[in-house]
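These notes are about the structure you will find just below.
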Amino acid sequence: MESRTRWIAGKIRLGWIFLALGALVVIVGLLAQVQFADSTYNFRIVTGLGILFIGIGAGYLLRYRTALKDDQAARRLNAEERDERTLLIRARAGNRAYWVTAVILYIGLMWVSFSANGSLPTLSEDSLWFFLAAAVVIPFGVYAISMVIDQKSL
């Protein structure tokens with residue numbers, strides 16, 4: 001009981017750390033945007049990173065806060081997170097997502113290489129942005145779908 005409560009309290013503490021770090025990074029990003037408005041650097045990326053940290057922290061707090069108050073939920077969450085089957089499913093899904101990422105990035109690198117010598121057209125900034133966004137979103141989709149499929153089959 002005590003180790004489970006300490007484990008959940010540690011996760012909640014981590015959530016608060018991410019939340020505070022995110023708020024700090026957002027404030028720094030906003031101040032930098034105002035202070036260096038004439039700079040060619042776009043400080044919105046710093047603010048976006050802070051928003052990501054806030055989201056991670058809020059996710060931790062939402063997930064583990066209720067488990068701290070409810071012993072049944074704490075047991076279920078503890079078993080779910082440390083279950084060997086769940087760890088195997090996550091590892092398999094992560095492996096698939098890694099290989100999809102590797103293939104997408106290899107295609108991108110080859111495209112840039114061939115476009116440098118004129119064999120392929122050069123990617124515009126917009127095309128490159130969409131390619132990089134796909135390199136993030138597609139592997140996440142592969143990971144999520146793999147988790148669902150493996151949950152049913154294993």
Side-chain angles (χ1 to χ4, degrees), residues 1-109 112 123-151 154:
M1 169 72 180
E2 181 64 33
S3 69
R4 184 174 34 248
T5 305
R6 273 188 280 131
W7 178 73
I8 291 173
K11 295 290 187 176
I12 291 173
R13 195 173 317 112
L14 187 62
W16 282 113
I17 290 169
F18 271 118
L19 203 63
L21 179 66
L24 181 67
V25 172
V26 165
I27 290 169
V28 167
L30 291 174
L31 289 175
Q33 252 179 299
V34 171
Q35 184 71 24
F36 304 107
D38 56 342
S39 174
T40 58
Y41 183 74
N42 190 348
F43 286 98
R44 288 185 293 180
I45 194 164
V46 176
T47 308
L49 182 64
I51 292 170
L52 175 68
F53 285 150
I54 288 172
I56 291 170
Y60 269 88
L61 291 175
L62 287 173
R63 181 172 178 133
Y64 295 105
R65 189 79 174 181
T66 57
L68 190 60
K69 297 176 183 175
D70 183 14
D71 193 46
Q72 181 98 11
R75 279 191 210 138
R76 187 179 66 247
L77 187 61
N78 190 15
E80 179 184 311
E81 294 250 340
R82 295 180 179 184
D83 181 40
E84 291 176 13
R85 179 179 173 272
T86 304
L87 295 175
L88 172 72
I89 290 170
R90 286 183 187 160
R92 286 176 57 147
N95 187 28
R96 288 183 193 116
Y98 166 78
W99 284 108
V100 168
T101 304
V103 167
I104 289 171
L105 293 179
Y106 178 77
I107 290 168
L109 286 171
V112 170
L123 291 174
S124 69
E125 286 185 27
D126 287 341
S127 300
L128 183 61
W129 187 91
F130 283 114
F131 176 79
L132 292 173
V136 171
V137 173
I138 291 171
F140 179 74
V142 168
Y143 179 81
I145 291 169
S146 293
M147 289 282 289
V148 170
I149 290 171
D150 285 345
Q151 284 282 350
L154 290 178

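The first residue in the sequence is number 1, and the count goes up from there.
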(request) Would you give the length of the straight line joining atom CD1 of Ile54 to atom CG of Leu49, rounded to the nearest 0.5 angstrom? (result) 10.0 Å
(message) Give me the atom names and distance for the closest heavy-atom approach of Ala134 to Pro139.
(response) O-CD, 3.6 Å
(message) Nearest 0.5 Å, please: how far is CZ in Arg63 from CD1 in Ile8?
(response) 10.5 Å
Side-chain donor/acceptor pairs under 3.5 Å, residues 41-48, sequence neighbours excluded:
unit_1: Asn42; atom_1: OD1; unit_2: Arg44; atom_2: N; d: 3.1
unit_1: Asn42; atom_1: OD1; unit_2: Arg44; atom_2: NE; d: 3.1

(message) So which atom in Ile104 and which in Ala135 form the shortest heavy-atom distance, rounded to 0.1 Å?
(response) CG2-CB, 3.7 Å
(request) Answer yes or no: is there a side-chain heavy-atom contact under 4.5 Å between Val103 and Trp99? (result) no
(request) Among residues two or more places apart or on two chains, list those pairs meeting salt bridge (charged side-chain N to carboxylate O under 4.0 Å, His left out) that have a residue in residues 138-151. (result) Arg92-Asp150, Arg96-Asp150
(message) Once rounded to the nearest 0.5 Å, what's the spacing between atom CG of Leu19 and atom CG of Leu61?
(response) 6.0 Å
(message) Is there a side-chain contact between Arg65 and Lys11 in this structure, where contact means two heavy atoms from C-beta onward sitting under 4.5 Å apart?
(response) no
(request) Mind checking the CZ-CG spacing from Phe36 to Leu31? Nearest 0.5 Å is all I need. (result) 10.0 Å
(request) Please examine the side chains of Val34 and Leu30, heavy atoms only from C-beta on, and report whether any two atoms are closer than 4.5 Å. (result) no
(message) Nearest 0.5 angstrom please: Phe53 CZ to Leu21 CG, how far?
(response) 5.0 Å
(message) Run the side chain to side chain contact (heavy atoms under 4.5 Å, CB included) test against Tyr106 and tell me which residues pass, sequence neighbours left out.
(response) Met110
(request) Kindly compute the distance separating CZ (Arg90) from OG (Ser146), expressed to the nearest 0.5 Å. (result) 14.0 Å
(request) List the atom of Trp7, the atom of Leu77, and the distance in Å for their closest heavy-atom pair. (result) CH2-O, 4.2 Å
